[in-house]
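The block underneath contains the structure these notes are about, expressed in structure tokens.
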Amino acid sequence: METLEAINKRKSIRAYKDEQITKEELDKIIGVANKAPNAGPFQVSVIQNKEFLSEINDKTKEFMLNSEGFMRQRASISGYEPLYGAPTLIVISAPEGPFSQINVSASATTMILAATDLGLATCYVVSPIAILTQLKDKLNLPEDFIPVSGILVGYEAPCDISSPEHEIPDNINFIG
């Protein structure tokens, strides 16, 4: 797959088969984590333990139900699960700092495009971050690192929960 094809094919998938991705697929995805442009350190943690994923999912849903606005509305949908049944959650953490979110987002985007190129489904997630911050001891993070974002990875399954179509904004202008 060509780069532009992967970029245009990428979409957020919200239902996954109960089948783990292969070690080879995972190695290719995390192998590009450090290929992204960055201006500081970050840590990539891979979670594939079903019990730990279930704990993260359940605590995230409880957190969302006790929130306001979109998160509460989303978590209230019948059948909604925050991790969408994904067998792999890649968590990207960094120390607090002015470039941490940029570094993490660039790395996440690179891994998401690699997964798309491999024919895998992904979803960039932030809803589990508050829970992962509470569970950070289980992530074996370097001192002063906190979870910033996550990527769900797996094989796409049929989805019963609809999401609104994403409109492409008119947000490009030319100067000069």
Side-chain angles (χ1 to χ4, degrees), residues 1-50 52-54 56-57 60 74 80-95 97 99-129 131-132 139-142 145-172 174:
M1 182 179 301
E2 297 291 325
T3 305
L4 290 175
E5 183 182 354
I7 291 168
N8 286 308
K9 187 175 181 181
R10 188 224 59 86
K11 60 183 179 176
S12 295
I13 302 300
R14 293 182 174 85
Y16 295 84
K17 293 180 181 178
D18 185 21
E19 177 184 350
Q20 191 53 265
I21 63 173
T22 68
K23 180 180 180 338
E24 293 77 23
E25 290 167 331
L26 179 61
D27 288 346
K28 287 179 181 178
I29 294 166
I30 61 175
V32 300
N34 291 306
K35 303 287 184 184
N38 69 73
F42 58 89
Q43 177 75 27
V44 175
S45 303
V46 179
I47 303 170
Q48 293 183 314
N49 177 284
K50 285 187 176 192
F52 192 27
L53 289 169
S54 182
I56 295 165
N57 183 79
T60 299
R74 192 70 162 168
Y80 176 81
E81 298 297 334
L83 300 187
Y84 306 110
T88 299
L89 170 61
I90 300 173
V91 180
I92 311 158
S93 306
F99 303 112
S100 292
Q101 288 188 342
I102 296 166
N103 294 331
V104 166
S105 293
S107 179
T109 300
T110 301
M111 288 188 280
I112 288 168
L113 292 175
T116 302
D117 183 64
L118 295 170
L120 297 170
T122 62
C123 189
Y124 185 87
V125 291
V126 293
S127 58
I129 297 307
I131 299 307
L132 287 164
L139 297 176
N140 298 317
L141 298 177
F145 277 53
I146 57 169
V148 178
S149 65
I151 307 165
L152 301 174
V153 186
Y155 302 108
E156 185 174 3
C159 185
D160 296 331
I161 297 174
S162 64
S163 292
E165 282 295 319
H166 181 72
E167 291 186 29
I168 298 174
D170 182 16
N171 60 354
I172 299 172
F174 295 87

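Note that this is a predicted model, so its numbers are computed, not measured.
- Note: N140 CG to F145 CZ = 13.5 Å, rounded to the nearest 0.5 Å.
- Taking each heavy atom of A157 and Y16 in turn, the nearest pair found is CB-C, 3.5 Å.
- Across every non-hydrogen atom of P82 and L152, the tightest pair is O-CD1, 4.2 Å.
- Taking all atoms of both residues into account, the shortest heavy-atom contact from A39 to N103 is N-OD1, 2.6 Å.
- Counting only distance, with no hydrogens or angles, the side chain of S107 and the backbone of A33 share a donor-acceptor pair below 3.5 Å.
- Shown here for P37 and A106, the closest heavy-atom pair between the two residues is O-CB, 3.5 Å.
- With rounding to the nearest 0.5 Å, the separation of CD1 in I112 from OG1 in T122 is 5.0 Å.
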For a side-chain contact (heavy atoms from CB on, under 4.5 Å) check, start with the C-alpha distance between I47 and V91, then their side-chain angles and the critical distance, and finish with the verdict.
CA-CA 8 Å; I47 303 170; V91 180; 3.8 Å; yes

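- Here the CD atom belonging to E25 is positioned 4.5 Å from the CG atom belonging to L120, to the nearest 0.5 angstrom.
- No more than 12 heavy atoms of other residues, nucleotides or ligands sit less than 6.0 Å from atom CD of Q101.
- In this structure, the separation between OG on S45 and CG on L141 is 5.0 Å, given to the nearest 0.5 Å.
- The backbone N or O of A6 sits nowhere less than 3.5 Å from a side-chain atom of D117 that would complete a donor-acceptor pair.
- Contact annotation: the side chain of V153 never approaches that of M111 to less than 4.5 Å [non-hydrogen atoms, C-beta and beyond].
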Could you go through L113 and V32, starting from their C-alpha distance and side-chain angles, then the distance that decides it, and tell me whether this counts as side-chain contact (heavy atoms from CB on, under 4.5 Å)?
CA-CA 10 Å; L113 292 175; V32 300; over 6 Å; no

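- For K17, there are no salt bridge (Lys or Arg N to Asp or Glu O under 4.0 Å) partners at least two apart in sequence or on another chain.
- Between V125 and L89 there is a side-chain heavy-atom pair separated by less than 4.5 Å.
- Not one N or O on the side chain of S54 forms a donor-acceptor pair closer than 3.5 Å with the backbone of K50.
- With Q43 contributing its side chain and S93 its backbone, the two residues share no donor-acceptor pair below 3.5 Å.
- Across all their heavy atoms, V126 and S149 have their closest contact at CG1-CB, 4.3 Å.
- Heavy atoms only, all atoms of each residue included: A36 and T110 are closest at CB-OG1, 3.2 Å.
- Remark: L53 CG to T88 OG1 distance equals 7.5 Å, nearest 0.5 Å.
- Heavy-atom neighbours of Y155 OH from other residues, nucleotides or ligands within 6.0 Å: above the threshold of 12.
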So I21 and L26, side-chain contact (heavy atoms from CB on, under 4.5 Å) or not? Walk me through it.
CA-CA 7 Å; I21 63 173; L26 179 61; 4.0 Å; yes

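- Taken to the nearest 0.5 Å, the CD1 atom of I146 stands 12.0 Å off from the CG atom of L139.
- With T109 contributing its side chain and S105 its backbone, the two residues share a donor-acceptor pair below 3.5 Å.
- With sequence neighbours excluded, no residue forms a salt bridge (Lys or Arg N to Asp or Glu O under 4.0 Å) with D170.
- When the shell of 6.0 Å around CG of D18 is examined, it contains 12 or fewer heavy atoms from other residues, nucleotides or ligands.
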